[in-house]
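Computation of the quantities below employed the complete heavy-atom set of this structure, encompassing side-chain atoms and omitting hydrogens, waters and symmetry-equivalent molecules. The structure presented is a predicted model; accordingly, all values stated were derived computationally and were not measured.
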Amino acid sequence: MSIFLDKYEDDFLEFNLYASDDKYKVFMDLIPKKAMSPEDTSTLLDYSFIVKVIKKHLSDIELIHYDVIKDIIKSVKEGQKCQGRRIAKGYAPHEGIPERIVYLVKKYDKTVYKNGKVDFMDIRYTSYFDNVKKGDKVARIYGAKYGAPGKNALGEEIRGELGKKLNLKISGDFHCEKEPNANYITLVSLRDGFVKEESGYVCIKEELMIEGDSNYEYGRINFVGSVYVKGDVYKDFIIHAGKSVVIDGHTHQANITTDTGDIYVKGFILGGEKSKISSGGAIFSKGCRDANLEAKSSIYLEKEAYNSKISTLESLYVKKGVIVGGNSFVINSVIANEVGNKSEIQTQINVCSEREIVLIHRDLKERLKIIEKVREGLVNYLGNIATNPNEILKVKEEYRSNMRVMLKKYKEATKIRDGILLEINKLTAEKTINNKFFLEVKSNVFPGTCLKTQETDFKILDKEKGPLKIIFKDNLNFIMEKYNE
């Protein structure tokens, strides 16, 4: 189909002007009707006349192919038939700028880019995402825009195409906020987590799932939500979660901390010199060895607590297992199948006030030991100068500068020591030990087991068969009671 525009004819020639159905092209026919002698003339062979006719229908004269018109006239004069020659062409509109999302935080992405290429780097210190808190602005969505307009061959403007829609949907994890005079919508997070594009949606993930072991692939994890590891956590790797941590395997000298949630280790907690498991809630595990456990709630171990430091603001449960060696610091109760062993390994259970547990959690006593060793070394170096700084004047001039530096360090260490002592005194000023504390044992309690408060000790001197309870009474004494199940 074509669109008729104009037509002229005389005795010798027929002229037709028409456009394609989409108006993007204009065509011209100049067809001889009969042969012309050299003396014959025709207005339709006049270039100026033809151009004038064409311009009546095409408003944008820059779209006209003037050289083609000249070639058509020349060809007809040479006796050729010219039909369907294109003498004008429009241009299409441009595609608009697509709708796009610009992230204000780093969304989850495990690809590491460097100079436009995928590269290697030490990701122990690199996060795959930014933490997002409720109320954080995480992204802006800029709407699609129309592209530059086009023109058909007749000079009529064609509106530019609207850019493509964003190939992502916005989940219910966000509040959309329109800022005054802004050409974008801001996505505000409704929960804590990290931003991820998943299944065609932009969403906030409250749980970080690690498919396998927590190792160099993920590095050190610091996440405001929950962490789920479908494997083991190895030595020197750190997980800090705002909420809970779940580990399907074991921990091997790892450091795991939660602010408010529980820690679940479905395997064993295998500790080491610098490792610690610290929970803002409870701790659940099959057992622990050489571990350091802290919990604001209770600690639940299925099989054993071996040679471990355990502190809880509530209770320690090893109902089907044993507690052997180590130090436990507890407020409410300890329930175990067996405590100690035939080798009479020293197993100490400390009945504490909440303040004492806080003291243990903050490791103030350990810090005090360290700073006292520093002071002791400085005193050995300074001698009488440590207690009488004027003695420095008796030292040879060339040594005084170094002695003044060491004296300054001694004063700083003493100031730190005094600060730690002040904190310890504040925390231990009130003695509010739970007078309902009890140790309940189903099977045996072995010699080497000791229950301890600041005022009194209760030592097991002979093997005692259970079931039994050792109860802490109001008069600050421990009493053992045996019972039948």
Exercise: do Asn327 and Asn350 side chains pair donor with acceptor under 3.5 Å: yes
Could you check whether Glu302 pairs with Lys319 (Lys NZ or Arg NE/NH1/NH2 to Asp/Glu carboxylate O, under 4.0 Å)? no
No-hydrogen, no-angle side-chain donor-acceptor test under 3.5 Å, Ser59 and Glu156: no
Pairwise side-chain contact, Ile310 with Leu316, heavy-atom cut-off 4.5 Å (strictly under): yes
Show, in sequence, the C-alpha distance, side-chain angles and deciding distance for Ile141 and Tyr184, and conclude whether the side-chain contact (heavy atoms from CB on, under 4.5 Å) test is met. CA-CA 5 Å; Ile141 297 178; Tyr184 53 81; 6.0 Å; no
Distance-only polar pair, side chains of Thr312 and Ser298, donor-acceptor under 3.5 Å: no
Are Glu304 and Lys286 close enough, and set up right, to give a salt bridge (Lys or Arg N to Asp or Glu O under 4.0 Å), and what steps lead you there? CA-CA 7 Å; Glu304 66 174 36; Lys286 271 191 178 177; over 6 Å; no
Should the pair Arg375-Glu412 be classified as a salt bridge under the 4.0 Å nitrogen-to-oxygen rule? no
Show your reasoning for whether salt bridge (Lys or Arg N to Asp or Glu O under 4.0 Å) applies to Lys151 and Asp60. CA-CA 9 Å; Lys151 277 186 179 180; Asp60 189 343; 2.9 Å; yes
Taking the six-membered ring of Phe129 as reference, does the NZ or CZ atom of Lys106 fall below 6.0 Å from its centre and within a 45° cone about the axis? no
Please determine whether a side-chain nitrogen of the Lys or Arg among Asp259 and Lys243 lies less than 4.0 Å from a carboxylate oxygen of the Asp or Glu. no
Start with the C-alpha distance between Lys33 and Asp11, add both sets of side-chain angles, then the distance that settles salt bridge (Lys or Arg N to Asp or Glu O under 4.0 Å), and finish with yes or no. CA-CA 7 Å; Lys33 295 168 65 177; Asp11 293 339; 5.8 Å; no
Heavy atoms of Gly212 and Val229 approach each other most closely as O-CG1, 3.3 Å
Can Arg85 be said to sit on top of Phe27's aromatic six-ring, NZ or CZ under 6.0 Å from centre and within 45° of the ring axis? no
Gap between atom OH of Tyr228 and atom NZ of Lys230 - 0.5 Å precision: 5.5 Å
Residue Asn183 excluded, over 12 heavy atoms near CG under 6.0 Å: yes
Could you walk me through whether Ser42 and Asp10 pass side-chain hydrogen bond (donor to acceptor under 3.5 Å, both in side chains), step by step? CA-CA 7 Å; Ser42 173; Asp10 58 17; 2.3 Å; yes
Full working for side-chain hydrogen bond (donor to acceptor under 3.5 Å, both in side chains) between Asp71 and Tyr66: CA-CA 9 Å; Asp71 185 67; Tyr66 296 99; over 6 Å; no
Please check if any side-chain donor atom of Tyr264 sits under 3.5 Å from a side-chain acceptor atom of Asp248, or the reverse. no
Asp213 side, atom CG; His250 side, atom NE2 - distance, nearest 0.5 Å: 10.5 Å
Taking it one step at a time, do Met403 and Leu407 satisfy side-chain contact (heavy atoms from CB on, under 4.5 Å)? CA-CA 6 Å; Met403 295 298 278; Leu407 180 62; over 6 Å; no
Side chains of Val227 and Val246, heavy atoms from C-beta outward: is any pair under 4.5 Å? no
Distance only, no hydrogens: is a donor on one side chain within 3.5 Å (strictly under) of an acceptor on the other, for Thr186 and Glu177? no
Will you find, in the side chains of Asp46 and Thr43, an N or O donor that is under 3.5 Å from an N or O acceptor? no
Take atom OH of Tyr399 as the centre, draw a 6.0 Å sphere, and report whether it contains more than 12 heavy atoms from other residues, nucleotides or ligands. no
Close aromatic pair by centroid cut-off 6.0 Å: Phe49 and Tyr8: yes
Worked check of salt bridge (Lys or Arg N to Asp or Glu O under 4.0 Å) between Arg417 and Glu372: CA-CA 7 Å; Arg417 188 276 313 267; Glu372 287 290 19; 3.5 Å; yes
Between the main-chain N or O of Ala241 and the side-chain N or O of Ser226, is there a donor-acceptor pair closer than 3.5 Å? no
Quick one: do Leu30 and Leu44 satisfy side-chain contact (heavy atoms from CB on, under 4.5 Å)? Show the steps, please. CA-CA 8 Å; Leu30 195 55; Leu44 297 178; 4.1 Å; yes
I'd like to check Met28 versus Phe15 (side-chain heavy atoms, cut-off strictly below 4.5 Å). Are they in contact? yes
Judged by modelled atom types alone, do Glu294 and Asn292 share a side-chain donor-acceptor pair under 3.5 Å? no
Going by atom types alone, do Asn222 and His240 pair a side-chain donor with an acceptor below 3.5 Å? yes
Testing the basics here: between Lys23 and Ile3, what is the closest heavy-atom pair and its distance to 0.1 Å? CG-CD1, 3.8 Å
Could you tell me whether the side chain of Arg140 reaches within less than 4.5 Å of the side chain of Leu104, counting heavy atoms only? yes
Residues His57 and Leu5: closest non-hydrogen pair is CE1-O, 3.2 Å
Just checking, is any N or O donor in the side chain of Asp29 or Tyr18 under 3.5 Å from an acceptor N or O on the other one? yes
Could you tell me whether a side-chain N or O of Asp40 sits under 3.5 Å from a main-chain N or O of Ser37, the two making a donor and an acceptor? yes
Ignoring hydrogens and angles, state whether a donor on the side chain of Asp130 or Tyr103 is under 3.5 Å from an acceptor on the partner side chain. no
Between Arg289 and Ser308, do the side chains contain an N or O donor and an N or O acceptor separated by less than 3.5 Å? no
For Glu197 against Val202, the heavy-atom pair lying closest together: CG-CG2, 4.4 Å
Work out which heavy atom in Cys352 is nearest to a heavy atom in Ile331; give both atom names and the distance. O-CG1, 3.5 Å
Tyr317 ring center within less than 6.0 Å of Tyr300 ring center: yes
Decide side-chain hydrogen bond (donor to acceptor under 3.5 Å, both in side chains) for Glu314 and Ser297; before the verdict, give the C-alpha distance in whole Å, the side-chain angles of both, and the deciding distance to 0.1 Å. CA-CA 5 Å; Glu314 293 185 3; Ser297 186; 3.2 Å; yes
Closest heavy-atom contact between Pro93 and Tyr24? CD-OH, 3.4 Å
Tell me if a side-chain donor or acceptor on Thr414 pairs with a main-chain N or O of Tyr410 at a distance below 3.5 Å. yes
